[in-house]
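Notes follow once the structure below has been shown.
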Amino acid sequence: MGISKKGLSNTRYALSGGLKKNGIVIWRYVFNAAEKDTGTEKAFFLELEMLNPNLSPSEAMLGFKQRNAVSAEDLQYALAGTVSATEIQSENLVPPSYICVRFGAFGQRGKHIAIYDSLNNVKISQKPFEIHMGTCVFTENHLSGFISCTQKDLQSHPEYLCQEGYAEWNLDFEVIQEFEKGYEDKTEFWAPIGCRTNFTGTISWCGTDYYVNPLTSFGYFDKSWGKSLPNPCFHISASSLSSLISGRTMFESSFAIHGLYGDKASLLLNFEGNRFMFDAGENKKNGEFVWDCQEISQNEFEELHWSVSFRNKQWVVDIDIFCKITDLSNKVIELPEGNRKTLSVVSSSLGTGEIKLYKVLKNSLEQVEYLRISKALCEFGRIDEAEV
């Protein structure tokens with residue numbers, strides 16, 4: 001099938017105007033793989049992020065890097081008692097500006113590796129879409145690269161906000177189900193370009209080899225850009241679905257929920273060719289949205305529960321997703337605002353749950369579909385204000 005012309009347009013680099021120095025764009029790819037020797041499944045993600053790229057185009061500036069702001073002269077004044085030591089700023093904070101590639105694994109003991117560079121060292125082509133950063137290549141249908149981070153690197157650079165390890169990947173992908181837009185306003189954009197995407201290829205993850213099969217990759221591909229990231233960050237997506245009414249596996253179905261924008265999220269669903277779209281930018285009169293994400297105890301496990309309910313004049317959609325706390329991994333992303341402001345996100349690729357779709361009649365609801373969800377990508381995060 002491949003990406004449509006509109007999808008390709010959404011894929012391309014998008015920061016313009018003031019967002020080049022005060023904005024963020026993230027391409028995200030998620031896929032399942034099977035270990036070469038054992039067949040054990042594992043889910044991975046790959047991200048390309050550009051953060052305030054034109055603010056420091058010749059040097060990558062990480063906001064968490066320590067920069068001493070105390071000069072020898074300041075210290076002499078403090079020792080002489082001319083100025084109080086408490087009046088001397090011990091660290092100079094700078095707004096972040098860099099390009100970052102992250103590769104990581106979900107699940108228990110999940111972690112990710114990150115490398116950083118500056119805009120001038122990255123080759124960007126729009127037509128055709130192609131981005132080169134070191135050995136890493138991103139195109140409209142291919143992903144490849146190698147990145148590593150050692151314990152010595154982290155001791156010297158704790159600001160990398162990742163873990164040690166290495167990853168190598170060589171992947172082709174094909175978008176099977178696409179949504180041209182999930183949300184858009186003057187400063188924010190989100191599109192699940194490949195809500196159902198088939199990946200194929202190989203991965204080497206910290207010494208273990210994996211194969212990616214298009215039929216079992218359950219891939220997902222989206223892109224976000226804007227002045228910042230949603231807060232709270234709330235995301236659910238899946239393409240591993242089966243009908244509890246007919247018993248059939250839904251090979252042509254997928255969905256994605258993303259937000260929050262204001263107090264709402266966008267929901268996009270494709271059930272065997274029947275498409276439903278609830279845009280967070282629409283007027284509240286056109287629909288109602290209720291969400292929650294909380295920790296619960298169930299089946300002897302501590303779990304995180306994502307719940308969503310959408311309703312308009314024609315449809316009602318109820319979604320419940322559960323994930324074990326032990327299957328969650330954490331990721332911290334710097335924000336364009338600087339001052340060490342971050343979005344801390346917990347995520348999993350092992351969410352399970354249900355979707356119920358109802359048709360609104362005059363005084364009742366008619367159940368149209370009842371789906372079982374597995375292998376759902378689910379995320380929740382909030383912005384942290386660092387002490388500076």
Side-chain angles (χ1 to χ4, degrees), residues 1-3 11 27-48 101-115 130-149 162-178 192-222 237-242 249-254 256 323 327-329 331 347-352 373-379:
M1 179 177 175
I3 307 176
T11 299
W27 292 261
R28 173 170 61 170
Y29 310 82
V30 179
F31 36 84
N32 278 15
E35 187 177 335
K36 177 181 177 181
D37 295 331
T38 66
T40 303
E41 289 190 349
K42 198 172 191 64
F44 297 91
F45 69 89
L46 172 63
E47 294 179 350
L48 172 64
V101 173
R102 296 188 187 90
F103 193 99
F106 292 104
Q108 295 187 28
R109 297 180 296 279
K111 65 178 182 178
H112 75 275
I113 306 159
I115 62 168
E130 193 166 320
I131 295 179
H132 290 252
M133 175 175 160
T135 63
C136 301
V137 179
F138 298 80
T139 78
E140 61 188 55
N141 54 25
H142 178 75
L143 307 166
S144 61
F146 173 84
I147 62 175
S148 67
C149 187
C162 70
Q163 293 81 41
E164 66 174 306
Y166 68 89
E168 185 173 10
W169 61 95
N170 187 9
L171 301 167
D172 294 316
F173 66 93
E174 180 185 16
V175 170
I176 304 301
Q177 291 185 342
E178 171 191 350
I193 299 167
C195 207
R196 186 183 186 100
T197 302
N198 288 347
F199 288 84
T200 182
T202 58
I203 298 169
S204 180
W205 172 248
C206 299
T208 303
D209 293 330
Y210 292 83
Y211 286 117
V212 183
N213 185 310
L215 298 180
T216 56
S217 63
F218 299 107
Y220 176 80
F221 164 34
D222 72 1
S237 58
S239 58
S240 179
L241 308 171
S242 59
T249 299
M250 309 291 276
F251 291 108
E252 303 296 330
S253 299
S254 60
C323 181
D327 288 333
L328 293 171
S329 53
K331 178 177 60 180
S347 56
S348 173
S349 65
L350 297 174
T352 60
I373 307 166
S374 62
K375 295 182 174 64
L377 171 64
C378 38
E379 295 185 330

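Sequential numbering from 1 along the given sequence is applied to the chain's residues. All figures in this text were calculated on a predicted structure; none of them were measured in a lab.
- A heavy-atom distance below 4.5 Å is found between the side chains of L48 and V101.
- With hydrogens and angles ignored, the 3.5 Å screen pairs no side-chain donor or acceptor of R196 with any backbone N or O of Q177.
- In this structure, CG in N141 is found 7.5 Å from CD1 in I3, a value given to the nearest 0.5 Å.
- Closest heavy-atom contact between A114 and C162: N-SG, 3.6 Å.
- A donor-acceptor contact closer than 3.5 angstrom is absent between the side chains of N213 and Y211.
- Between T197 and Y29 the shortest side-chain heavy-atom distance does not fall below 4.5 Å.
- Annotation for C323 and G351: closest pair CB-CA, 4.4 Å, computed over non-hydrogen atoms.
- Considering all non-hydrogen atoms of both residues, Y220 and P192 come closest at OH-CB, 3.7 Å.
- Here H142 contributes atom NE2 and E130 contributes atom CD; the two are 9.0 Å apart, rounded to the nearest 0.5 Å.
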Would you sort out whether I113 and W205 count as a side-chain contact (heavy atoms from CB on, under 4.5 Å), showing the intermediate values?
CA-CA 10 Å; I113 306 159; W205 172 248; 3.6 Å; yes

Evaluation steps, side-chain contact (heavy atoms from CB on, under 4.5 Å), between F44 and S217
CA-CA 10 Å; F44 297 91; S217 63; over 6 Å; no

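- Closest approach of S240 to K375, counting heavy atoms only: CB-CB, 4.2 Å.
- The closest side-chain heavy-atom distance from F218 to S254 is not below 4.5 Å.
- Between F45 atom CZ and S329 atom OG the span is 6.5 Å, to the nearest 0.5 Å.
- Under the side-chain contact (heavy atoms from CB on, under 4.5 Å) rule, F103 has a single partner from I147, L143, I115, which is I147.
- A distance of 9.0 Å separates CD in E168 from CG in D209, rounded to the nearest 0.5 Å.
- F173 and F31 have their aromatic ring centers separated by at least 6.0 angstrom.
- Using cut-offs of 30° and 60° for the angle between ring planes, the Y166 and F146 rings count as tilted.
- With a 4.5 Å cut-off on side-chain heavy atoms, T11 and F221 count as touching.
- Across all non-hydrogen atoms, the minimal contact from A238 to S374 is CB-O, 4.2 Å.
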Under the side-chain contact (heavy atoms from CB on, under 4.5 Å) rule, what do N32 and V212 come out as? Steps first, then yes or no, please.
CA-CA 7 Å; N32 278 15; V212 183; over 6 Å; no

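- Atom-to-atom distance recorded for S347:OG and D327:CG is 11.0 Å, nearest 0.5 angstrom.
- With sequence neighbours excluded, the residues that form a side chain to side chain donor-acceptor pair (under 3.5 Å) with K331 are E47.
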From CA spacing to verdict: side-chain contact (heavy atoms from CB on, under 4.5 Å), E35, K42:
CA-CA 8 Å; E35 187 177 335; K42 198 172 191 64; over 6 Å; no

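- Note: D222 CG to R28 CZ = 4.5 Å, rounded to the nearest 0.5 Å.
- Annotation for E164 and K111: closest pair O-NZ, 2.7 Å, computed over non-hydrogen atoms.
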